[in-house]
Amino acid sequence: MTSVETMHDDLSQLGHPSRLFVEVTSRCNLRCAFCVKQSGTAKSMDGDMLAGTFNALVPEFKHLHALVLNGIGEPLLHPLLEEFIQTGKRVMPAQSWVGFQTNEHLLDTARCSSLLAAGLDRIYLSVDSTSPELFKAVRGGGSLGHVERALAALAQAKKDHPGNTLEVGAEFVVMRDNVAELPAIIAWLAKRGVGRLVVSHVLPFSATAANQTVFGVNTTAAKSFYKDWSDRARQEGLDIAQYFTVLWKYHKTSQDLALVRFVQLMVSQALENDIPLHVANLSDGDDVGSVEAVFRQAEAVACAVGLKLVLPSVRPLSGRACLGVKQGGAFVAWDGKVSPCHFLWRNFSCYFYGREKQVAHKVFGDLSQNSLFEIWNGQKYKGFRSDVMRKRYPHCPGCNVYPCEDINSIDFENDCYGETVPCGDCLWSMGLLQCMGQEDEQGEFSDPCKVTQCVDPHKYAGLHTAVAARPA
């Protein structure tokens, strides 16, 4: 049974990867403010993947469902990109696809025609605003005019190659400055031939960008659980919001002691039910209602214009294994080093939930020393995927001692449970970040026309100025 036939099952324990994310180059022609390349600890030597390194992957292509040809660089800068696409299409199964995400500034009609002739199946353009000023601020050195020209070039190339099935999509990184633009940008993209939009939250790589996140800290299950217990506390004449004031009092009244016992019981019940419960965060609250409202408007517009919309969660998810690992994904850097996922692909520092986090890359092999088959089936890599699928890591933001030294350590070895999987603090695992190549499964459950009512997209044409979504 091939990976294409089993794409909805756990593919992590098959004898081959089902999706390959191949960084053909780490060079880029833009300086996007929220790119990992701008993270101080992530800076390393840039380079292009050698033909020999790419060819070392070819024996595994016959098992692939997807081949995504990008990493932290701009794929169009690689001189052999079309050759790599042709190789993938020649060897991969008929139902599989080859694609990449681009900042689109190097696309013209001739290049689009060349990519179509090579057999490209999907191309996603980075579009984070329809405001020229904001676009330039987000995409350092970029221009919204280049986006319009690239989309026009793709449309013309598709006309020049009748019978092609190229999917033109887009990726939108949602943040405080642009979240209200989302419904309007959907109509803007659909008018220009974009058929699918993948939305992801921003992962700030600098302290100045840390306040741009618009996702919450508490899971839906934790919010519901906390509300039930808060209602129960009020019925008993207790106020959970006073817990931390009472906890540190040297002389506690009988009412104070009752509150402490109540919260302790609440926390123990949450642990028994595997519900992440950070009492301080829940007491403070994280109102993401305005962001949810924008997302619902976006779904309605997507329905009206016939665009497939893949939205992230607005609250962290817990209790599920990583989708990237489940789909049988593997990541190959331009120099041939093999890693398991987006989160562990690079060394970097980032900022979320009010503090800085250091992330160390996790490498399971090097194509200059072993084949991809040998690396994938190595004991350590197989064991890692197995542990991830068994959810052998906690949901760190829901812990009452978060952040701790274990999860903050750059030389992570074990978490507080003694487990060796550094995924408890991963925003991809929490459903907040998503990228091209991981959207297939979510996309099947993200049909915007399942919303209750389709609306006129022009109704939201000025939404980016009319809506002021308040971030968490």
Side-chain angles (χ1 to χ4, degrees), residues 20-28 30-49 53 68 70-75 101 140 173 200-210 213 322 324-325 329-370 375 378 380-381 384-385 387-388 393 396-397 402-415 419-430 432-435 437-438:
L20 276 183
F21 298 81
V22 179
E23 182 181 59
V24 295
T25 182
S26 61
R27 296 184 297 120
C28 192
L30 297 185
R31 301 174 305 281
C32 302
F34 52 76
C35 176
V36 68
K37 287 176 71 69
Q38 311 310 319
S39 173
T41 58
K43 291 180 180 177
S44 58
M45 183 177 65
D46 281 338
D48 293 346
M49 178 171 282
T53 304
V68 182
N70 60 266
I72 63 171
E74 170 52 54
Q101 177 268 336
V173 179
S200 177
H201 289 285
V202 65
L203 177 57
F205 294 107
S206 69
T208 56
T213 59
C322 171
V325 173
F331 294 70
V332 185
W334 68 270
D335 57 2
K337 292 183 173 58
V338 179
S339 297
C341 60
H342 286 93
F343 186 55
L344 302 174
W345 199 355
R346 282 288 185 274
N347 291 323
F348 62 90
S349 61
C350 57
Y351 294 77
F352 57 90
Y353 294 143
R355 50 84 184 188
E356 182 179 9
K357 176 180 177 60
Q358 302 291 333
V359 179
H361 68 165
K362 200 171 187 68
V363 176
F364 286 101
D366 189 324
L367 292 176
S368 66
Q369 301 173 17
N370 298 100
I375 295 169
K380 288 186 177 180
Y381 197 0
F384 173 85
R385 299 195 304 272
D387 286 344
V388 169
Y393 53 92
C396 292
Y402 175 86
C404 66
E405 292 182 359
D406 293 325
I407 203 65
N408 261 1
S409 175
I410 187 66
D411 55 350
F412 176 91
E413 292 184 6
N414 301 92
D415 62 24
E419 300 293 349
T420 60
V421 179
C423 302
D425 215 14
C426 171
L427 298 188
W428 279 275
S429 179
M430 297 178 203
L432 299 173
L433 303 186
Q434 50 190 11
C435 303
Q438 294 184 328

> Run the side chain to side chain contact (heavy atoms under 4.5 Å, CB included) check on V173 and L203 step by step: do they pass?
Replying inline: CA-CA 9 Å; V173 179; L203 177 57; over 6 Å; no

>> side chain to side chain contact (heavy atoms under 4.5 Å, CB included), that's the test. Do K337 and D366 meet it? Break it down for me.
In response: CA-CA 4 Å; K337 292 183 173 58; D366 189 324; 3.7 Å; yes

>> Quick one, H201 with L427, criterion side chain to side chain contact (heavy atoms under 4.5 Å, CB included). Give me CA distance, side-chain angles, the key distance, then yes/no.
In response: CA-CA 9 Å; H201 289 285; L427 298 188; over 6 Å; no

> Between K362 and S339, is a side chain to side chain contact (heavy atoms under 4.5 Å, CB included) present by the stated rule, with each step listed?
Replying inline: CA-CA 6 Å; K362 200 171 187 68; S339 297; 5.6 Å; no

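Contact between P204 and T213 at its shortest, heavy atoms only, is CG-CG2, 3.6 Å. Shortest non-hydrogen contact noted between T25 and R27 is OG1-N, 3.0 Å. Of all non-hydrogen atoms in W428 and L433, the two that sit nearest each other are CD1-O, 3.3 Å. Contact record, F343 with V359: O-CG1, 3.4 Å, taken as the closest heavy-atom pair. Closest non-hydrogen pair, A333 versus R346, comes out as CB-NH1, 3.8 Å. When all heavy atoms of V332 and L20 are compared, the pair lying nearest together is CG2-CD2, 4.3 Å.
For the atom pair CD1 (I375) and CD (Q369), the distance works out to 8.5 Å, reported to the nearest 0.5 Å. Summarising the geometry, atom SG belonging to C423 is positioned 5.5 Å from atom CG belonging to L344; distances are rounded to the nearest 0.5 Å. Here CZ of F364 is found 8.5 Å from CZ of R385. Values are rounded to the nearest 0.5 Å. Note that CG of N347 is 9.0 Å distant from CD of Q358, once rounded to the nearest 0.5 Å.
Residues that satisfy the side chain to side chain contact (heavy atoms under 4.5 Å, CB included) test with S206, not counting sequence neighbours, are T208, A209.
Without hydrogens or angle criteria, N70 side chain to Q101 main chain gives a donor-acceptor distance under 3.5 Å. The backbone N or O of G47 lies less than 3.5 Å from a partner atom in the side chain of S26, making a donor-acceptor pair. E356 contributes no side-chain N or O that, together with a main-chain N or O of A207, makes up a donor-acceptor pair within less than 3.5 Å.
Ring geometry for F384 against Y381 counts as tilted: the plane angle lies between 30° and 60°, on a 0 to 90° scale.
Using a 4.5 Å heavy-atom cutoff, the side chains of S429 and Y393 are in contact.
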